[in-house]
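Here is the naming used below: chain letters follow the sequence lines, and residue numbers restart at 1 for every chain.
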Amino acid sequence: MRLATWNVNGIRARHAVVLEWLEARRPDVLCLQETKVEDDKFPALAYRALGYDVALCGQKSYNGVAILSRAPLCDVTRGLGDAVDDPQARFLAATAAGVRVMTAYVPNGEAVGSDKFVFKLAWLERLRAHLERHLRPGAAALLCGDFNVAPAELDVWEPRVFAGKLLFTLDERAALERVKAVGLVDVVRALHPGARLYTWWDYQAGAFGRDEGLRLDHVYVTPALAARAAAAEVDRATRAGKQPSDHAPVIVTFRDV
DNA sequence: ATGTCACATCTAATGTGA
């Protein structure tokens with residue numbers, strides 16, 4: 001299985017780019033974040049025409065996640081399924097070819113210490129609790145998406161600039177670490193220890209040209225899947241191309257899945 | 001230095017969110 005995750009920053013604004021990319025790269029599964037559209041306005045027909053099944057969890061204007069899969073999707077669940085009354089469309093899970101695929105768009109947090117920052121930390125804890133309820137030891141499962149957290153110094157272009165800043169605070173990194181600690185492996189980092197593999201660059205100030213990026217998009221997998229991980233890449237060419245999202249696709253290949 | 005996008009709204013310039 002070849003799986004990709006991509007924060008597209010608006011599926012309608014990115015439709016032509018995503019279609020062209022899908023035709024060229026043909027991943028088995030593509031998880032999308034920040035689709036920014038209600039489900040009945042998602043351009044699902046075009047993806048179905050390319051042979052992809054489509055599962056959606058969207059809303060008007062903001063957030064929104066989707067899973068596209070060449071194998072039929074089953075057991076689709078939307079949201080974290082806890083007691084919190086939360087209208088934000090940020091989590092979707094479905095099973096594709098026997099693999100439980102979960103995708104998340106973690107809140108950005110706006111500013112350190114803000115209400116949205118507090119919500120972000122609480123959301124990560126809710127995500128951890130969801131995984132604890134649903135992940136089974138030995139299962140083939142993965143959690144991918146835009147986590148809006150750079151886990152380590154290697155994942156920010158200048159650690160001194162980012163110390164204590166949004167996306168890199170110790171609180172955010174600890175909350176993400178607790179998610180991972182349910183029993184998941186950061187498979188891109190496992191395959192590329194020591195590599196600078198940014199996935200997001202600010203649209204402003206020529207950040208991409210200067211390679212001033214952050215690694216915010218991650219693929220976490222169970223040990224069963226980690227053992228089958230053969231390759232991982234960040235598709236920087238797409239970020240460099242026309243009408244880019246500010247995030248690049250991350251692609252992971254698993255053998256015998 | 002601010003530098004950019006996407007989306008919504010009293011369809012044109014502005015606010016919100018990232």
Side-chain angles (χ1 to χ4, degrees), chain A residues 5-22 30-44 46-47 56-66 86-92 103-124 127 144-151 155-158 160-162 164-169 171-173 175-176 198-218 234-250:
Chain A
T5 182
W6 190 6
N7 178 322
V8 289
N9 189 18
I11 191 65
R12 288 175 298 174
R14 212 69 57 213
H15 186 50
V17 172
V18 174
L19 271 184
E20 189 180 335
W21 187 88
L22 256 189
L30 173 60
C31 295
L32 301 172
Q33 303 85 36
E34 276 207 274
T35 53
K36 296 186 175 180
V37 71
E38 291 162 304
D39 292 350
D40 61 355
K41 296 189 176 70
F42 189 100
Y47 299 104
L56 300 171
C57 177
Q59 67 180 98
K60 192 174 180 178
S61 306
Y62 306 117
N63 310 319
V65 286
D86 179 1
Q88 298 187 27
R90 295 183 178 275
F91 185 85
L92 176 65
T103 193
Y105 173 50
V106 174
N108 169 280
E110 190 192 24
V112 177
S114 66
D115 289 351
K116 287 177 184 173
F117 185 81
V118 173
F119 178 78
K120 176 182 193 173
L121 296 179
W123 199 92
L124 282 164
L127 174 60
C144 67
D146 175 5
F147 290 80
N148 268 316
V149 180
D155 302 316
V156 302
W157 61 271
E158 177 49 88
R160 281 173 298 184
V161 168
F162 270 88
K165 297 270 173 59
L166 187 73
L167 312 175
F168 193 56
T169 65
D171 284 344
E172 291 162 279
R173 290 154 67 188
L176 182 58
Y198 305 141
T199 66
W200 172 86
W201 299 259
D202 200 314
Y203 281 123
Q204 299 186 72
F208 183 71
R210 304 178 196 197
D211 199 23
E212 294 178 351
L214 304 176
R215 191 171 72 101
L216 304 179
D217 302 86
H218 309 303
V234 177
D235 179 16
R236 295 172 60 101
T238 294
R239 179 64 179 82
K242 62 178 174 3
Q243 297 168 343
S245 166
D246 45 355
H247 294 253
V250 178

C1' atoms of B/dA12 and B/dA8, separation to the nearest Å: 12 Å

B/dT11 versus B/dG15 - spacing of their C1' atoms, nearest Å: 16 Å

Option passing side chain to side chain contact (heavy atoms under 4.5 Å, CB included) with A/Asn7 (candidates A/Leu32, A/Asp146, A/Val65, A/Leu216): A/Asp146

Heavy-atom protein contacts under 4.0 Å, nucleotides 8-18 of chain B, coded B base, S sugar-phosphate only, - none: SS-------SS

Spacing between A/Trp200 atom CH2 and B/dC5 atom P, to the nearest angstrom: 13 Å

Counterpart base for B/dG3, defined by Watson-Crick or G-U wobble contacts under 3.5 Å: none

5' priority, DNA chain B, between A/Val8 and A/Ala205 [closest heavy atom]: A/Ala205

Interatomic distance, A/Trp201 CH2 vs B/dC5 P [rounded to whole Å]: 16 Å

N/O donor-acceptor pair under 3.5 Å between A/Arg239 side chain and A/Trp201 backbone: yes

Parallel, tilted or perpendicular, as decided by the 30° and 60° cut-offs, for the rings of A/Phe147 and A/His218: tilted

For B/dA8, the Watson-Crick or wobble partner whose two distances fall under 3.5 Å: B/dT14

Lys/Arg-Asp/Glu bridge criterion (N-O < 4.0 Å) met for A/Arg236, A/Asp211: yes

Separation of the P atoms in B/dG3 and B/dT14, to the nearest angstrom: 15 Å

pair A/Trp6-A/Asp235: side-chain heavy atoms closer than 4.5 Å: no

Ring geometry between A/Trp200 and A/His247 (parallel below 30°, tilted from 30 to 60°, perpendicular above 60°): tilted

Sugar-phosphate, base or nothing in reach of A/Arg210, heavy atoms under 4.0 Å: base

Sugar-phosphate only, base, or nothing, as touched by A/Ala13 at under 4.0 Å among non-hydrogen atoms: sugar-phosphate

